[in-house]
Enquirer: 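Can you keep this structure in mind? I'll have questions shortly.
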Amino acid sequence: VMVDGMGVGDVGSVVMRDRHRLAEDGMVVIVITLSSWDNAMLAEPEILTRGFIYVKESDDMLDELKRVTRESVEACEEAGVKDWSAIKSRIKTNVSGYLYKTTKRSPMILPLISEV
């Protein structure tokens, strides 16, 4: 069966690029909890890694990732940015820059926002 020139089960170039990136550099998931009232951060960011670093040996780096995340959210808050996609984009840009500068690797960064 062909759909848009691709057989069922075939994957496109974007999917292959993402798979390659995950295989090479892993991923970092950043979970933040924001207030539904004013978008203030209500808890310390939670950092989850897969295929990137061994967490138990990387406490300093995880602390720095939390700091960069907090500063990113605070900068959005000070600028009056309330749009979740803009907040996620700021986190992704800043965390990605920090990680490349310190590790020379570019894991996939997935910011997740939980609203309370």
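In this chain, numbering begins with 1 at the start of the sequence shown. Note that these values count all heavy atoms, side chains included, but never hydrogens, waters or copies made by symmetry.
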Enquirer: Measuring from atom CZ of R17 to atom CG of L22, what distance do you get when rounded to the nearest 0.5 angstrom?
Expert: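 One gets 10.5 Å once the value is rounded to the nearest 0.5 Å.
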Enquirer: Taking C-beta and beyond as the side chain, do L34 and L42 meet within less than 4.5 Å on heavy atoms?
Expert: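 No - every pair of side-chain heavy atoms lies 4.5 Å or more apart.
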Enquirer: Can you name the residues that form a side-chain contact (heavy atoms from CB on, under 4.5 Å) with R70, not counting sequence neighbours?
Expert: M41, E44, P45, K66, R67, E74
Enquirer: Do the side chains of D25 and T103 get nearer than 4.5 Å, heavy atoms only?
Expert: no
Enquirer: Going by the side-chain hydrogen bond (donor to acceptor under 3.5 Å, both in side chains) test, which pairs reach into residues 87-99, not counting sequence neighbours?
Expert: S72-N94
Enquirer: Let's go through V68 and L99 carefully: what are the C-alpha distance in whole Å and the side-chain angles of both, what is the deciding distance for side chain to side chain contact (heavy atoms under 4.5 Å, CB included) to 0.1 Å, and is it a yes or a no?
Expert: CA-CA 10 Å; V68 170; L99 288 174; over 6 Å; no
Enquirer: Are T102 and M61 packed together at the side-chain level, in the sense that at least one heavy-atom pair is separated by less than 4.5 angstrom?
Expert: yes
Enquirer: Go through I30 and L48 one step at a time and tell me if the side chain to side chain contact (heavy atoms under 4.5 Å, CB included) criterion holds.
Expert: CA-CA 6 Å; I30 301 168; L48 308 165; over 6 Å; no
Enquirer: Step by step, would you call I47 with V29 a side chain to side chain contact (heavy atoms under 4.5 Å, CB included)?
Expert: CA-CA 6 Å; I47 311 292; V29 178; over 6 Å; no
Enquirer: Could you check whether any side-chain heavy atom of S13 comes within less than 4.5 Å of a side-chain heavy atom of V15, counting everything from C-beta outward?
Expert: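 With C-beta onward as the side chain, the pair stays apart.
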Enquirer: When you group the ILVMFWY residues by side-chain heavy-atom contacts below 4.5 Å and let the links chain together, are Y100 and V95 in the same group?
Expert: no
Enquirer: What closest approach, in Å, do R105 and G26 show between heavy atoms, and which atom pair accounts for it?
Expert: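 For R105 versus G26, the nearest heavy atoms are NH2-N, 4.5 Å.
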Enquirer: Between CD1 of I91 and CG of L110, what distance do you get to the nearest 0.5 Å?
Expert: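 Reported value, rounded in 0.5 Å steps: 11.5 Å.
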Enquirer: What closest approach, in Å, do C76 and A86 show between heavy atoms, and which atom pair accounts for it?
Expert: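 Nearest pair, atom of C76 first, then A86: SG-O, 4.5 Å.
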Enquirer: Let's go through T33 and I113 carefully: what are the C-alpha distance in whole Å and the side-chain angles of both, what is the deciding distance for side chain to side chain contact (heavy atoms under 4.5 Å, CB included) to 0.1 Å, and is it a yes or a no?
Expert: CA-CA 6 Å; T33 304; I113 296 176; over 6 Å; no
Enquirer: Are there over 12 heavy-atom neighbours, none belonging to R19, within less than 6.0 Å of that residue's CZ?
Expert: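 No, because the 6.0 Å sphere around CZ of R19 holds 12 heavy atoms or fewer from other groups.
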Enquirer: Report the distance from atom OG of S106 to atom CE of M27, rounding to the nearest 0.5 Å.
Expert: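 Between S106 OG and M27 CE, I get 15.5 Å after rounding to 0.5 Å.
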Enquirer: Quick one, I32 and L112 - any side-chain contact, counting heavy atoms below 4.5 Å?
Expert: no
